[in-house]
Each structure stands twice: as C-alpha cells, then as structure tokens.
Amino acid sequence: MRKLLFPSLCLALLSACSAEQSNQPTQDTTPAMAKPGELPGMPLKSLADQINLAIGAAVETRHLEDPLFRQVLIRDFSQITPENEMKFSYVQPQRGQFDFSKADQLVEFAEEHDMVVKGHALVWHIQNPKWLEETEWTKEELSEVLEQHIKTVVGHYKGRVAYWDVVNEAFNDNGTFRETLWYQVLGEEYIEMAFRWAHEADPDAVLFYNDYSTEAMGPKSNAVYRHLKALLDKGVPIHGVGTQLHLMSEYPIGEASIARNIERFSEIGLDTHFTEIDVRMRDSEGQAGLNDQAKHYETLMKLAAYYPEVDMYTTWGLSDKYSWVPSWFEGYGRALMLDKDYRAKPAYIAVQDVLVDAVTGNFGYEPITDLSNAKRHVTPFNAKPLLSESLNAEAVVYYPFVYNQLNGKDQRLPGSETVSGKWGVGYYKNKLIGQVIRSDETTVTNHSLVHENDNVEVFIRLGEQYWQLRSIVGQDFAPLGFPGKATGTWSEDGKVFDFAIEFDDFEDLVGETLGFNIALSDNDNDTDDGNRKAQLYPLTGNNVGWQGEEFGELFMNGQNAVVSPNPISTPPTFSMSQLNEAPSSAKDSVWENAYRYSFAFNQLNQRDMSFDDADVSGSWQVGVHGKWLYGVVERQDDVTFTGAEQSYENDNVEVFVQQGDKDMTQFRTVVGEGFEPTNYALGYEAQWHKEGTQLMFAIELDSELKDGESIQWNIALSDNDGEGRKYQLYPVPGSNMSYLGEELTRITLR
Ligand code: 9MR
C-alpha cells in the first residue's frame, strides 16, 4: 500500500496535493484504470525538489506538440535533456553555420516551466554531420573545428544551460579508448581539450563526462575513473560523471557495485548523474517484466535519494510512446516509467514511493556495498555487429585456438607444423556469422568415428540449453539438435571455414551474452590408436564441452548493449600442482607432472590475438611448495632483444599475483635478468638459464594455499625483435590491462 504524505507537506505544496486528492479518490485505484495522462499521487518533481534531486526526461521539440506529453512533463519533471537536437549534426549542419532553432525552443520551454537543462552532447562519435565525417582532417584543423563548436554552442547558452555532457562515450566496454574520429585525429587529449574549452565558454556551467555500461564497477567504469582522476589531477575542469543506464529488465541490477562506483567518484570530487535511464523489456514479457523493471527504477531512485552526490535522475524519454528502444533493439520496448498513453506503470509508482519515503523521513535505506559476489573477472569473447551476412575481417576479432584439451595436464599448443588456427565471429540480426582459419599439413576425414576426424565444433549455450554443432573439414554442419538453421562451408583447400548459425528465438542478437566455445580437431593418422592428436580450444578445460560444461562467453557487442552481469562461465581458471619438494631448476623432475600451458593471446593486437610461432612461443607451469609459489617458463624466440629504454618494451616475462583482497603485484623479469624491484613485502626471485630459453621464478605467498584454493593470476611473455614490441602473449584474451589489476584469471591448487 502506498504511504500517505504528511499534512504539513501538503500545505507546502497545496496545489499538488489537491490534484492528488481529486485524481485519486481511493488508495487502491489501479493505475491502469486511469485516464491517459492521469497520474496518481504527488508529482515526482515536487517530491524530488525537496531532496534536491532534479528529475528529468530526454525531450525533442516534436514531443512538445503532443498535449499529453507536455502536460505530464510539466507536472512531473524538473529537468530536460535535448534527446537529439543539441547534437553536432543539428547545431552545426554545415561547417561554420550554426542552427540553434530547435535547441532554442527546448531551452525556452524549460525556462518557461522552471526546468533545468542539461546540454547533450558536445563531443560524440554518432550524429555528426557529413562534412565533419567525410573530411580528412589534420590535427590542427580538427582541433580548431572542435574548439569553435564547443565555444559557440556553450557560449550561445551561457547562463541558460546549467549542465553539459561535454564528452560522450569515449571508451570501449573493455576500457580501451574508442577509436572515434576525435581519438584518431586528436589523440586522447581531445577529452581534456573539450572540457577546457567548455569551461572557458561558460565558467559557471557544470561539466560532465557521460557513458553507458559505466554504472557499476568494471573495466569500463575503471577506465573512466582512472582517466577522469588523471585529468582532475591536472586541473581539468570536470565536475561530474553521467552514467546512462540503458538497462534490461531481465538482468538483475548490481546495486552494491553501483553504490561503490558512486562512492569512488565522489571520493575524487565528482558527482554522479543518472542520465539516460530506461529499462527495456522483451515484447513477450508481461506483468513479471513490469515488476522487474519497477525494481530497477526503484533501486536507482533509492541510490539517488541516498547519495547527495547523485543530484539528477533523468529518463531517456517520458513515456513508451516515443522511446528510441524499439527501433534499436528489435523485440524489446516499453522501457519507461509511463506507458504509451502516459499512464503510470509499476516503475512510476515505485519511484514515487521511494521519493515519498525520502521526504517524509521514512527512508530507512542503506545501500549494500559488499562486492564479493559482484565481480566479473575477465572480459568475454566479442562478436561485433556486421553490416551484412558476410563476414568482414575488419569487423571481427580473431582469437587463436590455444589449448589442446586432449592432452591431460599438458595442454600446450602442438605447434604450427602440426596444426594451428584462429577464429572470429560477428553477427548480423539473429545470425551468428563466423570464420575459422586453419593450417594443417595432413587432413583426415575418413575416420569411422565422426568426431575423430579433422573438424570444427561450435558449442552454444542459451539459458539451460546447449548444443554442439560439428563440421568435418569439407562438409556442412551436422545438425546435432540445434533448433535454428546452421550452415557451414569450407574452402576448397580446407583452410577457411565460414559458418552461419541462426537463432530462432531472437530477432537480433545485439546485447545477448551466449555461452560459447569452439574447437579445432586434428587427426594426422599417426597416433597409436588412429585417433585425433589434438583438439584445440580457446579456453583451458577437460574436453567436456559436449556435456554442456566449460563454456566461455560470447558477447554481442553493439552501441548501448550491455554485457550480462550473470557470468555464464566461471572465470578462466588454470591449475597448479603441489610440488613434493622445492624445485632446483626449470628441468627439475617435479615439473614433469605439473600442468602446462601455452602463452597464447597477443593482447597488443585487439583485432587479431593470434601470433606466429616462428617469431616467439612459450609455455608456463606453476606449482606450490610450502608458502612459495614456483614457476617455470620455456621460451623460444628467433631474436632476443633487451636494448629498449623502457624495460616493459624488452623481451620479458611478467607475472601478476593477487592474493585475496590484497593489492596486485606485477613482477617483471627482462630476459637474462632477475625480477625488477617491487614493493612486495615478501620474497621473490627470478633466474634465467640456457640463454634465455628457460626461466624459473619463486614468489613467497602470504600463507600456504590449501587444495582447491586460488590466487588471482596472470602471466605474459613479451617479444620485441628490435622494432618495438610485437607481441605480449597471455594465456587469456584481454586488453592488456593486467598491470592495473584487471583481467586477472585464477590459478587453483589441485
Ligand atoms: O535517443 C536518441 C535517438 O533518438 C537517436 O537516434 C540516437 C542516435 O544515435 O541517439 C539516441 O540517444 C543516445 C544518446 O544521445 C547517447 N546515449 C545513447 C542514446 C541511445 O542511443
């Protein structure tokens, strides 16, 4: 039941309260029975005002012509963000010719109705005019263009637009810089420049960085945090961080993680705005979806009401009538608090209830900030959107096949003279489009057991269901129960396999996270039993993919898509052994039976993480004895180079160790030298043998590990042949950010 307001509050807000009484004769009137535009209870803005929270909506001028839209907006909202009409292509459609006609109407409307305006967005990679996108800019020219744009727009609204989204969406989901026009021509400094120019044009304006999938702790928000902090340290005028919050009702909201994120930004002096909230639902969802959606809106409002640093709560649109969602995410919609007839949905009621509690002193809420269950360890494999059904090598990321899961504890690559390969996938609408590139001297396809032939297997998991699709070299996929359509074609020479897997349950895969794995099998007719000698996967495991286990994750990347917060897989986990005695060298017999893995993913190349083993290759093993972690590295390299000024640029091995909640330590040993000094309090030592082909190292742990216990871990082999670093090979994919304590894997004692 909804709570009654205190009478004193009604006195203070007489008109609003009487409106409430006439609109809502009884407490249990269901909102669905209200007339279009008739909303129950106190207007949200009269409540939010009392806790200094602006409550806003994204608006376009055409919406204001709809009387109900206007009425509800004026009644309930105290802030607007121009949804499109202040973007670059609108305000500067021709070079040097500014057109503020639409944006002016919005600002005038806001002034008439006492609303605050947040300008959106000065620098973005989308909705830029043709002239801007199609010119080959020099750095000087483009920086002039940007300076003029920002100064003209912010100057035009000086004193009238209180807040600005200065830079929008500058980072990729994995925390690397997005390769926009701005970044490519101006370098990362464009962010700093944009803030400085905006500040010069209106020193009173409050300036924000804005992005999506940054509400919670994670690689992307970490990147935003790091970069904004660095800019603040340099005195760049940045006042807050906006997190868009284009959410999905079916994913739980990471409340603790959002809370921690707000707090860390606050610690560096930045306010947080919830800037573009909407919570999309599948078209097939009913009341349960509406309730989940309400929970999301409610949790966000609780956080906004609790943290004084959150002083803006803006939804991306006003009602389901004009939302951007259905046209971007096929099969999804109804993302706002009001339905298409401007009636209150459960989300509206939930938000209003939180606000009522907050202004009547009944707000007992305290966010949870314990993150122990909220950690996503490693970025998933990425599939990028394609422009057609054909795979465009530029658009996909290639990952190598890496671990031979047929070979027990020694999962090393067999070497490219035996077999090697890489794979990449993208998607077009509801089709996964993939390619495998394979190199193999001997192709065997006549074994009586189909799986013992040279083949590719693709493993897919959706919820509780999983499928294995197999294609023997030269043949189409065998239909192993997969309900959609799957086709595969091999090139004449058996080197390239192109496939398409169509998902009947989806209209578009954007934003989905699928359970995924892929394997390349190799039979050269030369084993004792005539069976395969390798089955290479991109993940380590026990070759039980066919039983529905050990899936990795494939994230269907896209503008405003979010990675599922529910990991389908456990973080990549490697194994280490208990060593009977402290090893004396890399050749000590204790290593014979220990787990062994290859260095595999070149994280220096974000488009193709495979590498050429004629340049460099290597393997690593780890074990424990007492409180010590021992490791060995075997390395083959055509050219050993250690002449670079920066030691990380030299041929080296880096080991990343983090125990429990302690800080991560990065240990580096340049080939031939010991570990570089660190501030690690316990012992550590590295020793190279045999001209840099063998390394043994030892690191003292805090405490002895028990069976089944893990540490967070990574290891990398860098290769420079004298012309800059070529490869940095890790056992997992990632964006080369382990040195920041991110993208760590686990290593478990077994
Ligand atoms: O809602 C906006 C939609 O009408 C436009 O077509 C689209 C163009 O990309 O931009 C939408 O707004 C975006 C906002 O400016 C920045 N964050 C993501 C929003 C949804 O794409």
Side-chain angles (χ1 to χ4, degrees), residues 56-66 69 73 77 79-93 102-103 106 117-130 132-133 149 153 161 163-173 178 180-182 191 194 207-215 220-221 224 240-248 272-281 300 312-330 332-338 340 385 387 508 510-511 556-563:
V59 175
E60 293 186 39
T61 47
R62 67 187 170 110
H63 303 152
L64 297 177
E65 285 156 26
D66 174 338
F69 186 103
L73 181 68
F77 292 80
Q79 181 264 327
I80 61 167
T81 303
E83 182 169 349
N84 288 301
E85 288 154 333
M86 262 186 201
K87 291 174 182 171
F88 212 124
S89 61
Y90 284 81
V91 294
Q92 199 185 159
K102 294 269 159 92
L106 292 175
V117 181
K118 186 168 204 187
H120 173 88
L122 296 170
V123 193
W124 197 26
H125 62 286
I126 299 181
Q127 284 175 301
N128 286 327
K130 262 213 166 101
L132 180 60
E133 286 191 334
H149 181 79
V153 178
V161 167
Y163 302 87
W164 281 101
D165 284 333
V166 178
V167 176
N168 197 31
E169 303 175 3
F171 293 96
N172 293 315
D173 292 341
R178 195 192 277 272
T180 64
L181 166 72
W182 309 114
I191 300 179
L207 306 180
F208 276 71
Y209 174 80
N210 191 50
D211 214 327
Y212 65 87
S213 295
T214 49
E215 67 276 11
K220 192 172 189 179
S221 65
V224 172
V241 55
T243 187
Q244 296 181 7
L245 294 151
H246 296 289
L247 304 178
M248 285 164 79
T272 292
H273 282 179
F274 296 162
T275 55
E276 306 184 13
I277 308 171
D278 51 27
V279 184
R280 56 184 183 269
M281 296 167 49
L300 292 174
M312 200 176 279
Y313 184 104
T314 306
T315 59
W316 205 239
L318 177 67
S319 80
D320 293 340
K321 188 166 179 185
Y322 302 114
S323 158
W324 72 295
V325 167
S327 61
W328 277 68
F329 297 99
E330 270 183 69
Y332 286 87
R334 293 178 293 162
L336 289 147
M337 294 191 285
L338 303 174
K340 60 180 186 358
L387 297 175
D508 199 309
V510 58
M556 306 297 158
N557 234 279
Q559 172 76 25
N560 287 101
V562 289
V563 185

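Along the sequence shown, residues are numbered consecutively beginning with 1. Both ligands and their constituent atoms are indexed starting at 1 by order of listing.
Side chains of Trp124 and Asp165: no donor on one and acceptor on the other come within 3.5 Å. In the model, Arg280 has no side-chain atom that pairs as donor or acceptor with a side-chain atom of His246 under 3.5 Å. Under 3.5 Å, the side chains of Asn560 and Glu276 contain no donor-acceptor pair of N or O atoms.
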Please give the N or O to N or O pairs under 3.5 Å between ligand 1 and the protein, distances rounded to 0.1 Å.
residue: ligand 1; atom: 1 (O); partner: Glu83; partner atom: OE2; Å: 2.4
residue: ligand 1; atom: 1 (O); partner: Trp316; partner atom: NE1; Å: 2.8
residue: ligand 1; atom: 4 (O); partner: Glu83; partner atom: OE2; Å: 3.3
residue: ligand 1; atom: 4 (O); partner: Asn84; partner atom: ND2; Å: 2.9
residue: ligand 1; atom: 10 (O); partner: Lys87; partner atom: NZ; Å: 3.1
residue: ligand 1; atom: 12 (O); partner: Lys87; partner atom: NZ; Å: 3.4
residue: ligand 1; atom: 12 (O); partner: Trp316; partner atom: NE1; Å: 3.2
residue: ligand 1; atom: 15 (O); partner: Lys87; partner atom: NZ; Å: 2.7
residue: ligand 1; atom: 15 (O); partner: His120; partner atom: NE2; Å: 2.6
residue: ligand 1; atom: 17 (N); partner: Glu169; partner atom: OE2; Å: 3.0
residue: ligand 1; atom: 17 (N); partner: Gln244; partner atom: OE1; Å: 3.0
residue: ligand 1; atom: 17 (N); partner: Gln244; partner atom: NE2; Å: 3.3
residue: ligand 1; atom: 17 (N); partner: Glu276; partner atom: OE1; Å: 2.7
residue: ligand 1; atom: 17 (N); partner: Glu276; partner atom: OE2; Å: 3.3
residue: ligand 1; atom: 21 (O); partner: Asn560; partner atom: OD1; Å: 3.3

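For the side chain to side chain contact (heavy atoms under 4.5 Å, CB included) test, residues two or more places apart in sequence or in another chain that qualify with Thr61 are Glu85, Lys102, Gln105, Leu106. For Thr314, the side chain to side chain contact (heavy atoms under 4.5 Å, CB included) partners are Gln79, Thr81, Met312, not counting sequence neighbours. Taking the ring-ring contact (aromatic ring centres under 6.0 Å, His included) definition, one finds that Tyr332 meets it with nothing, sequence neighbours left out.
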